[in-house]
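Below you'll find the structure, written out as structure tokens, and then a few comments.
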There are 2 protein chains.
Amino acid sequence: MGIMQNQPATNSTDSVSITLTDRLFDTLQRAIVEGEIPSGSKISEPELARQHSVSRGSLREAIGRLEARKLVERKPNLGARVVTLSYEQLIEIYQVREALEGMAARLAAQNMSEKEIEDLQVLLKEHGHEIEEQHGQAYFQKQGDLDFHYRIVQGSKNQQLIGLLCNDLYHLLRMYRFQFGMRSKRSQQAYDEHHYLLNAIVSRDPEMAELLMRQHIRSSRRNVERMLLEN
Amino acid sequence: MGIMQNQPATNSTDSVSITLTDRLFDTLQRAIVEGEIPSGSKISEPELARQHSVSRGSLREAIGRLEARKLVERKPNLGARVVTLSYEQLIEIYQVREALEGMAARLAAQNMSEKEIEDLQVLLKEHGHEIEEQHGQAYFQKQGDLDFHYRIVQGSKNQQLIGLLCNDLYHLLRMYRFQFGMRSKRSQQAYDEHHYLLNAIVSRDPEMAELLMRQHIRSSRRNVERMLLEN
DNA sequence: GCCCATTTAAGTGTCGACAATATTGGCCTG
DNA sequence: CAGGCCAATATTGTCGACACTTAAATGGGC
């Protein structure tokens, strides 16, 4: 299901021997991101523990990780609450993305393998077809955009960058998209921008790649600003 | 009946380190950053727990936070190891810093208050004096540089940015500085670059501020590259 | 009826113990 | 003597229980 499933670094050998806390963390993260556990609500440790049939200790470890990813906030002796989404915070996230993904694009233009670039071209072409078929309403804004960005980030080969974006920021962003119902309405433009960016990467032009990625994200941010001000 | 639980918090002047896990986390983080717990070494939960007179549960929560800050790596059923510092990873950190702090400088040029800017000018002037007095060997490279960057980041007013830089990256960087003995030898140049950057902020020129910050960090990275290649 | 102190309940922080998994050392076999 | 299988040990994962803090409820005085 999830395209950027959380598979911490060692994504090879054993996929079953995951610890209980890990599974619990994944479950809770998905529940929070998709709004199943409402934003801003308090988290009762005994209740959640019973509900998932785990010990409070394990649950607390999972909550700790959620806190590290800024999905919940915890105050001593007061408990944890799911983070409350605000307009300002969303803008902040876009600013951080602009900086980090801009750098990712720069590095990707230098470090992506020829095969990775080819695969990305194929992926982009598929996106184009889907937009034509569905007039850009369904798939693209939902998962395709993240897909494309995800590959660019991976292509940077910078583990620090990859960790920050794929582990910390993307889940927060996904949470906003779910709960604010952010359908983009500009799939065609986004597709074009992806195309230009990919061309810069094909040309191995880091400067241009960073520039285009930053413009792309800025443009996306402005779109969000407009959309939220309409409500 | 009562077991001696309460320990009147002797060692540090922490104002509000309420929970035990918090104190333990601070202690361990410092120990790791300063190399007291060697880089790459395995962390034995029973031993550390006994050594610090805490339960294994509390220790595990602290380790979990250290893992979130990428100071330790943990593999299921195998335990945690202090992260091993590598040349490549340090370069990666500098690339991330270039992106994030560049954005921070851009935002700081827009969002810093006049008073914050004045204070920063005072701080920079002090740095200048210290460089003259000590020929730039002691204080500046050690804390002054981080001090300056810290204020710029705060001045961005972007909480996401502040969190990423001051919580996640800052300690990793400090760890490298400690263990690689990174004395800069270019305090004068760094001071000049700080000066130019601050001028851009005074002029409220975001574009220029970001450009100068990125050049400053790139220059710092190249210096590190030279230094490490000499060994 | 309202306010404040005190008691009561609920929730979080911390601990020690048990179960599952990995590592060490010894023993047997070739 | 080497190498691999197996028991014994140590370490990690998980659990339930107790201590302390905060929130809620109760009751008495005005």
Side-chain angles (χ1 to χ4, degrees), chain A residues 6-10 12-29 32 37-38 40-68 71-83, chain B residues 1-11 14-29 32 37-38 40-68 71-83:
Chain A
N6 172 29
Q7 188 75 343
T10 60
S12 54
T13 54
D14 53 279
S15 58
V16 187
S17 72
I18 300 177
T19 169
L20 175 55
T21 302
D22 288 331
R23 277 195 301 261
L24 187 57
F25 168 69
D26 287 341
T27 302
L28 290 181
Q29 176 168 251
I32 289 178
I37 302 178
S41 67
K42 187 171 185 313
I43 292 180
S44 166
E45 291 184 3
E47 182 181 341
L48 258 192
R50 195 164 27 80
Q51 191 169 333
H52 290 268
S53 310
V54 297
S55 148
R56 261 188 63 226
S58 303
L59 175 64
R60 281 173 62 85
E61 281 199 31
I63 291 180
R65 280 199 236 174
L66 292 172
E67 184 188 17
L71 292 175
V72 309
E73 289 173 348
R74 187 148 62 164
K75 291 175 183 172
N77 293 320
L78 280 178
R81 313 188 74 88
V82 178
V83 70
Chain B
M1 49 176 79
I3 303 171
M4 46 178 183
Q5 201 93 280
N6 214 344
Q7 184 171 339
T10 55
N11 46 2
D14 297 346
S15 50
V16 276
S17 288
I18 301 299
T19 169
L20 176 54
T21 301
D22 288 331
R23 279 194 301 255
L24 187 58
F25 169 70
D26 288 340
T27 302
L28 290 181
Q29 177 169 249
I32 290 177
I37 302 178
S41 67
K42 185 173 187 313
I43 291 181
S44 167
E45 291 184 2
E47 183 182 340
L48 258 192
R50 195 164 26 80
Q51 191 170 332
H52 289 268
S53 310
V54 297
S55 149
R56 262 188 62 227
S58 304
L59 176 65
R60 282 172 62 84
E61 280 199 32
I63 291 179
R65 280 199 235 174
L66 292 173
E67 185 188 17
L71 291 175
V72 309
E73 290 173 348
R74 187 150 60 165
K75 291 174 183 172
N77 294 320
L78 281 178
R81 311 188 76 88
V82 178
V83 70

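Chain naming here is simple, since letters A, B, ... match the order of the sequence lines and numbering starts at 1 in each. Source: prediction; values computed, not measured.
Taking CD from B:Gln51 and CG from B:Leu59, the interatomic distance works out to 10.0 Å, rounded to the nearest 0.5 Å.
In summary, B:Arg65 and B:Asp22 engage in a salt bridge, as defined by a charged side-chain N under 4.0 Å from a carboxylate O.
Within the 4.5 Å cutoff, the side chain of A:Val72 has no heavy atoms near those of the A:Leu28 side chain.
Looking at which nucleotide of DNA chain D each of A:Pro76 and A:Glu61 is closest to, the 5′-most match is held by A:Glu61.
Contact annotation for B:Gly57: no contact, since no heavy-atom pair falls under 4.0 Å across all strands.
Within the 4.0 Å cut-off from OP1 or OP2 of C:dT12, not a single side-chain nitrogen or oxygen of A:Arg60 is found. Between D:dT14 and A:Thr21, a contact under 4.0 Å exists linking OP1 or OP2 to a side-chain N or O. OP1 and OP2 of D:dT12 both lie 4.0 Å or more from every side-chain N or O belonging to A:Thr19.
Side-chain atoms of A:Arg56 and base atoms of C:dG11 include no donor and acceptor less than 3.5 Å apart.
Regarding A:Lys75, its NZ atom lies at a distance of 18 Å from the C1' atom of C:dG13, rounded to whole Å. D:dG13 atom P lies 9 Å from atom CD1 of B:Ile63, rounded to whole Å.
The stretch residues 42-52 of chain A touches DNA chain C through A:Lys42, A:Ile43, A:Glu45, A:Pro46, each having a heavy atom within less than 4.0 Å of the strand.
Here the closest non-hydrogen pair linking B:Val82 and B:Pro38 is CB-O, 3.6 Å. The shortest non-hydrogen separation linking B:Arg74 to B:Gly64 is NH2-CA, 3.9 Å.
Of the listed nucleotides (D:dT22, D:dC15, C:dC15), D:dC15 has the atom at the smallest distance from the side chain of A:Ser58.
Between B:Glu61 and the options B:Thr21, B:Leu24, B:Thr19, a side chain to side chain contact (heavy atoms under 4.5 Å, CB included) holds for only B:Thr21.
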